[in-house]
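Following: one structure in structure tokens, then a few remarks.
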Protein chains: 2
Amino acid sequence: MRISELAETTGVPVHTLKYYLREGLLMPGEATSRTRAEYGAEHVERVRLVRALVEHSGVGIAGVHSILAALAAPPPSHHELLGVAHCALPTPGDQGPVSEEVGALVDDLGWPVWPEAPALRALSAAVAAARAAGVELSTGSLHRYAAAMADVAAVDLDVALAAESPAAAMHTVVVGTVMVDPVLVALRRLAQESVSARRG
Amino acid sequence: MRISELAETTGVPVHTLKYYLREGLLMPGEATSRTRAEYGAEHVERVRLVRALVEHSGVGIAGVHSILAALAAPPPSHHELLGVAHCALPTPGDQGPVSEEVGALVDDLGWPVWPEAPALRALSAAVAAARAAGVELSTGSLHRYAAAMADVAAVDLDVALAAESPAAAMHTVVVGTVMVDPVLVALRRLAQESVSARRG
DNA sequence: GTCAATGGACAGCGGCACTATCCAAGGAGA
DNA sequence: TCTCCTTGGATAGTGCCGCTGTCCATTGAC
């Protein structure tokens with residue numbers, strides 16, 4: 001199909017597709033002449049992925065770049081997959097240090113976590129920001145939140161390991177991690193209402 | 001203290017404080033003359049809250065407005081608190097319809113949820129976006145995610161109900177909901193690494 | 001032969017969260 | 001008193017981001 005058909009199929013304007021081509025978010029079509037190129041199903045899929053990431057995941061264009069690069073790289077062993085995937089994910093607040101409290105938390109939980117994990121820094125920043133906003137976050141609450149997120153992670157890993165290929169597992173982990181976050185946030189709101197109604 | 005001292009105390013430039021005053025995010029100080037006003041501890045706290053929300057919660061200036069309005073309103077009964085709080089929270093994707101699948105999900109779970117809840121629409125949109133990005137989200141996975149988020153919500157409600165006043169409970173629910181989301185996201189990443197390492 | 005579509009280059013836009021400039025009035029130190 | 005700095009207020013500008021609009025030469029379908 002030509003670019004205008006790709007635009008029609010995906011609902012994305014031609015101008016925006018050209019922009020994605022310029023930015024390297026969309027691979028060029030197969031040129032059939034100097035002013036004509038052919039696009040296929042993989043282009044449709046890519047456009048849908050890029051739009052979903054841009055519109056719903058909060059990672060910017062640069063983040064989409066990094067995610068696409070991770071998906072394109074030959075996926076490493078299962079051991080390294082998580083580390084590579086998490087380093088490819090844009091993580092807000094991963095600049096600062098790891099707080100003592102967060103270090104103690106993962107120690108207490110007995111979580112075997114890479115000490116340089118971006119998520120450790122992000123967690124430290126997020127906890128500090130919540131406290132600055134006046135939210136009381138006790139160690140006990142953090143432990144209970146962590147236990148719940150361990151259940152979430154178990155689902156994530158079950159789905160990822162069920163993938164038929166390492167590339168599919170990589171896709172599941174990287175894209176699933178960023179795209180399911182909003183799902184979890186919405187579920188949390190609903191669960192709050194549900195729990196409140198049951199208790200009230 | 002004067003505005004320059006407020007700026008020094010909070011680390012926020014005077015210009016930005018003036019901007020917050022203009023936008024109504026910061027209440028005016030007590031005017032001691034036409035070119036002098038006195039700011040107090042509640043201003044410091046408000047500035048910290050506004051900055052935490054702007055920098056770390058993803059809700060924009062408009063969302064901060066809506067949150068502050070909810071905090072200022074006389075908090076209703078515990079029954080209504082959650083509904084009022086959630087309507088005040090900016091919820092991306094709350095424009096669309098509620099998908100059948102999401103409706104069936106809350107039915108299956110037996111969650112007593114208000115059918116007009118913004119989170120229902122947000123969840124529908126988030127699930128659709130994840131699917132568009134190629135993430136396989138089975139009904140079973142959604143159920144397991146929902147169970148985990150029910151545990152999270154139980155912690156949320158425990159903390160909120162421990163508040164000594166309805167106003168404090170409102171603050172805990174509204175601010176806690178948006179500021180703890182990033183904490184949960186970071187914990188999910190860490191839990192993924194931990195679970196992966198344990199299984200590998 | 002005609003005319004719309006294409007690829008390519010590049011500037012412009014709209015929204016957002018500030019940030020800079022300017023001004024008159026008012027207070028504080030010399 | 002004089003001078004200089006700060007304040008509040010108003011208005012306009014900045015930088016970033018994700019597009020979007022314009023222009024052009026080439027080309028291919030009708």
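By convention in this document, chain letters (A, B, ...) are assigned in the order of the sequence lines, proteins followed by strands, and residues within each chain are numbered from 1.
Residue B/T177 holds its OG1 atom at 7.5 Å from CG of B/L82, rounded to the nearest 0.5 Å. Atom-to-atom distance recorded for B/E193:CD and A/H86:NE2 is 5.5 Å, nearest 0.5 angstrom. Interatomic distance, CD of B/E116 versus CG of B/D94, reported as 12.0 Å (0.5 Å rounding).
Linking Ile, Leu, Val, Met, Phe, Trp and Tyr residues whenever their side-chain heavy atoms come within less than 4.5 Å places A/V14 and A/Y39 in a single cluster.
Contact detail for A/Y145 and A/R188: the closest heavy-atom pair is OH-NH2, 4.1 Å. Nearest heavy atom pair, residue B/A133 against residue A/L49, reads O-CD1, 3.7 Å.
For D/dT7, one of the phosphate oxygens OP1 or OP2 lies less than 4.0 angstrom from a side-chain nitrogen or oxygen of B/S4. Of the side-chain N and O atoms in B/T35, none sit less than 4.0 angstrom from OP1 or OP2 of C/dG27.
Here the side chain of B/S124 pairs a donor or acceptor atom with the backbone of B/L120 at under 3.5 angstrom.
B/Y20 and B/R51 form a side-chain donor-acceptor contact under 3.5 Å, judged by distance and modelled atom types alone.
Put simply, CG on B/L53 is 17 Å from P on C/dC16, counting in whole angstrom units. Put simply, CG on B/L6 is 15 Å from C1' on D/dT6, counting in whole angstrom units. Regarding A/E55, its CD atom lies at a distance of 18 Å from the P atom of D/dC17, rounded to whole Å. We find that CZ of A/R2 is positioned 14 Å from C1' of C/dG7, with the value rounded to whole Å. Spacing between atom CD1 of A/I3 and atom C1' of C/dG8 amounts to 11 Å, rounded to whole angstrom units.
A salt bridge between B/R48 and B/E45 is absent, with no side-chain N of the basic residue lying under 4.0 Å from a carboxylate O of the acidic one.
Mapped onto DNA chain C by nearest heavy atom, B/V59 and A/E5 fall at different nucleotides, with A/E5 at the one closer to the 5' end.
Scanning residues 36-52 of chain A for heavy-atom distances under 4.0 Å to DNA chain C yields A/R36, A/A37, A/Y39. At a non-hydrogen distance threshold of 4.0 Å, A/K18, A/R22 from residues 7-29 of chain A come into contact with DNA chain C.
Minimum atom distance to the side chain of A/I61 is reached by D/dG18, of the listed C/dG27, D/dG18, D/dG28.
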